[in-house]
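Note on naming: letters A, B, ... go to the chains in the order of the sequence lines (proteins, then strands), and numbering restarts at 1 for each one.
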There are 2 protein chains.
Amino acid sequence: MKNKNQNVIYTEVECAKNLAVVEDAMYVLGGKWKLRIVIALVSGYTRFNELQRRVTGISARVLSSELKSLELNGLVERIVHSESFPVIVEYLPTEYAETLKNLVSILGDWGRKHKSKIQGREVSNDTV
Amino acid sequence: MKNKNQNVIYTEVECAKNLAVVEDAMYVLGGKWKLRIVIALVSGYTRFNELQRRVTGISARVLSSELKSLELNGLVERIVHSESFPVIVEYLPTEYAETLKNLVSILGDWGRKHKSKIQGREVSNDTV
DNA sequence: ATTAGCACTAACCTTTTGTTTACTACTAAC
DNA sequence: GTTAGTAGTAAACAAAAGGTTAGTGCTAAT
C-alpha cells in the first residue's frame with residue numbers, strides 16, 4: 001500500500017489552494033459552452049447568429065445567457081450599432097479574453113493528443 | 001461595424017478544428033468534478049474517503065462515478081489490496097495523468113489572476 | 001408577394017447532474 | 001459496547017442545465 005498520509009505530495013493546505021484557484025477559473029469558464037464561445041469570438045465571429053452557427057449545437061437561449069455571463073466577467077463586450085437599421089449587435093472579445101489564448105491552446109493540444117492516443121495514431125501538426 | 005466576414009481571423013474550417021480539439025478534451029475533463037479529482041490524486045490523496053474529504057462538496061455517488069470515468073480514460077488506476085483486511089482500495093494517478101499537470105497549472109494561474117483582478121488586488125506568488 | 005435573415009426572449013419541457021438516506025459487513029479505537 | 005472508519009451501492013428525489021417552439025418587427029433578396 002502506498003499511502004498512509006506519509007507520502008502525500010502536497011499538504012492538505014497546498015492541495016486546497018490548488019483546488020481553490022482552479023475552482024475560481026472554472027466558475028468563469030466552466031460548463032459546456034463558455035470556452036467554445038470564446039474560441040469562436042477570438043476566431044473573428046462576432047454576431048449572434050454567426051456564433052450560433054459556429055458553436056454547433058447551442059440554442060439561442062443558452063447562447064444568449066452564456067454571452068451575458070461572459071460579458072459580466074469582462075471577456076466580451078456587447079456593442080450595438082444603432083446607426084444601422086435594423087440594429088446590428090456585435091460581441092467583441094475584450095483584451096482580457098486574450099489572456100485565455102494560452103489556456104485554450106494547451107487544452108486543444110491535450111485534446112488533439114488524447115484523440116490520437118485513443119485512436120492509436122500519430123499526432124499531426126496541421127492544427128491551427 | 002467590424003465584421004462582414006472579411007476580417008475573420010480564422011476561417012470556418014480552422015475555427016471548427018479548434019472547437020473540435022477542445023471538445024475532445026472537454027469530453028474527458030469537462031464537468032464540475034473531474035479536474036478537481038485529478039488535482040487531489042496528483043497531490044497524493046489516493047483513498048476513496050480521503051478524496052471525498054479533499055474534494056469538498058462531492059457526494060460518494062458522484063465521486064464513485066467520476067472515478068470510473070477517469071479510469072476508463074486512462075487517468076486513474078484502481079488498485080485493490082486484497083492482502084489486507086478489510087480490503088483497501090487505492091486510486092492512483094497514471095503516468096498519463098501527468099500530462100495534465102501543465103494544463104492544471106495554467107488553469108490555476110488564470111484563476112488566481114482572475115480572482116485578484118476582480119478583487120482589485122496584486123497577484124501574490126505563494127501558490128504551490 | 002413570399003421567404004429568409006437579424007437579435008433575441010418567454011414559456012414549457014426534458015435531460016443531466018447531484019443530493020440524501022439508508023445499508024453492507026467488518027475493524028479499530030475509546 | 002458504542003462510535004467511527006473503510007469502500008462503496010441502491011433508490012428516490014431535487015436542482016441545474018439545456019432544448020423546443022413560437023413569436024417580435026423590421027429589411028433585403030427572389
Side-chain angles (χ1 to χ4, degrees), chain A residues 1-6 8 12 19 23 26-37 40-41 45-73 76-92, chain B residues 1-6 8 12 19 23 26-37 40-41 45-73 76-92:
Chain A
M1 153 180 32
K2 196 187 167 207
N3 209 332
K4 278 211 167 160
N5 283 9
Q6 279 118 14
V8 290
E12 294 179 16
L19 283 166
E23 273 167 44
M26 282 178 19
Y27 183 79
V28 179
L29 308 171
K32 195 174 174 181
W33 300 112
K34 293 202 188 68
L35 278 180
R36 295 181 207 200
I37 295 169
L41 286 168
Y45 300 97
T46 63
R47 307 268 302 269
F48 191 90
N49 286 348
E50 186 64 33
L51 285 167
Q52 204 183 349
R53 276 190 296 270
R54 288 313 125 221
V55 181
T56 52
I58 199 170
S59 67
R61 189 181 83 107
V62 172
L63 177 56
S64 174
S65 77
E66 296 289 71
L67 284 170
K68 276 172 193 161
S69 158
L70 291 172
E71 203 189 346
L72 266 174
N73 286 299
V76 213
E77 200 180 350
R78 184 179 187 268
I79 293 173
V80 181
H81 297 274
S82 41
E83 72 278 7
S84 61
F85 211 88
V87 162
I88 279 177
V89 179
E90 276 193 302
Y91 294 92
L92 295 178
Chain B
M1 152 179 35
K2 196 184 166 208
N3 207 333
K4 276 206 168 164
N5 281 8
Q6 279 118 16
V8 289
E12 294 179 17
L19 283 167
E23 273 167 45
M26 282 177 21
Y27 184 80
V28 178
L29 307 172
K32 193 174 175 182
W33 301 112
K34 295 202 187 70
L35 278 180
R36 297 182 204 199
I37 296 170
L41 287 167
Y45 301 97
T46 62
R47 307 266 303 267
F48 191 89
N49 286 349
E50 186 63 32
L51 284 167
Q52 205 185 348
R53 275 190 296 271
R54 289 310 126 223
V55 182
T56 52
I58 198 169
S59 66
R61 191 180 82 109
V62 171
L63 177 56
S64 174
S65 76
E66 295 289 72
L67 284 170
K68 277 172 191 162
S69 158
L70 291 171
E71 201 187 348
L72 266 173
N73 286 298
V76 211
E77 200 181 350
R78 184 179 186 268
I79 293 173
V80 181
H81 297 273
S82 40
E83 73 278 9
S84 60
F85 210 88
V87 162
I88 278 176
V89 179
E90 276 193 301
Y91 294 91
L92 295 177

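One interatomic measurement links the two molecules: CD1 of I58(A) to C1' of dG19(D), which rounds to 11 Å at whole-angstrom precision. In this structure, I37(A) atom CD1 and dA17(D) atom C1' are separated by 13 Å, rounded to whole Å. In this structure, R47(B) atom CZ and dG8(D) atom P are separated by 10 Å, rounded to whole Å. Counting to the nearest Å, the P atom of dG8(D) and the CD atom of E90(B) are 12 Å from each other. The CZ-C1' distance, from R53(A) to dA7(C), rounds to 12 Å in whole Å. Atom CZ in R36(B) sits roughly 13 Å away from atom C1' in dG18(C) (whole-Å rounding). Rounded to an integer number of Å, the gap from CD of E66(A) to P of dA17(D) is 9 Å. The nearest whole Å value for the distance from the CG atom in L63(B) to the C1' atom in dG8(D) is 10 Å.
Considering only heavy atoms from C-beta on, L19(B) stays 4.5 Å or farther from T56(A) through its side chain. Between V76(B) and R78(B), the closest side-chain pair of non-hydrogen atoms is not below 4.5 Å. Between R47(A) and I88(A) the shortest side-chain heavy-atom distance falls below 4.5 Å. Counting heavy atoms from C-beta outward, V55(A) and W33(A) have side chains that approach closer than 4.5 Å. Looking only at side-chain heavy atoms (C-beta outward), L51(B) and L67(B) come within less than 4.5 Å of each other. Looking at L70(B) and K34(B), their side chains come closer than 4.5 Å, going by heavy atoms from C-beta outward.
Using a distance-only test at 3.5 Å, with no hydrogens or angles considered, no donor-acceptor pair links the side chain of E12(B) to the main chain of R54(A).
Between W33(A) and dA17(D) there is no side-chain N or O to OP1 or OP2 distance below 4.0 Å. Not one side-chain nitrogen or oxygen of N49(A) sits closer than 4.0 Å to the OP1 or OP2 atom of dG5(C).
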Measure all distances between protein nitrogen or oxygen atoms and nitrogen or oxygen atoms of nucleotides 9-11 of chain D, and list the pairs falling under 3.5 Å.
from: dT9(D); atom 1: OP1; to: K68(B); atom 2: NZ; distance (Å): 3.2
from: dT9(D); atom 1: OP2; to: S64(B); atom 2: OG; distance (Å): 2.5

So which protein nitrogen or oxygen atoms get under 3.5 Å of nucleotides 24-30 of chain D's nitrogens or oxygens?
none

Query - Test salt bridge (Lys or Arg N to Asp or Glu O under 4.0 Å) applied to E50(A) and R53(A), step by step - result: CA-CA 5 Å; E50(A) 186 64 33; R53(A) 276 190 296 270; 2.8 Å; yes

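Heavy-atom nearest nucleotides on DNA chain C were determined for S59(B) and for Y91(A), and the one closer to the 5' end corresponds to Y91(A).
Nucleic acid contact for G57(A): sugar-phosphate only, since backbone atoms but no base atoms lie under 4.0 Å from a heavy atom of the residue. Within 4.0 Å (heavy atoms only), V62(B) reaches at least one base atom of the nucleic acid.
To the nearest 0.5 Å, atoms CD1 (I37(B)) and NZ (K32(B)) are separated by 12.0 Å.
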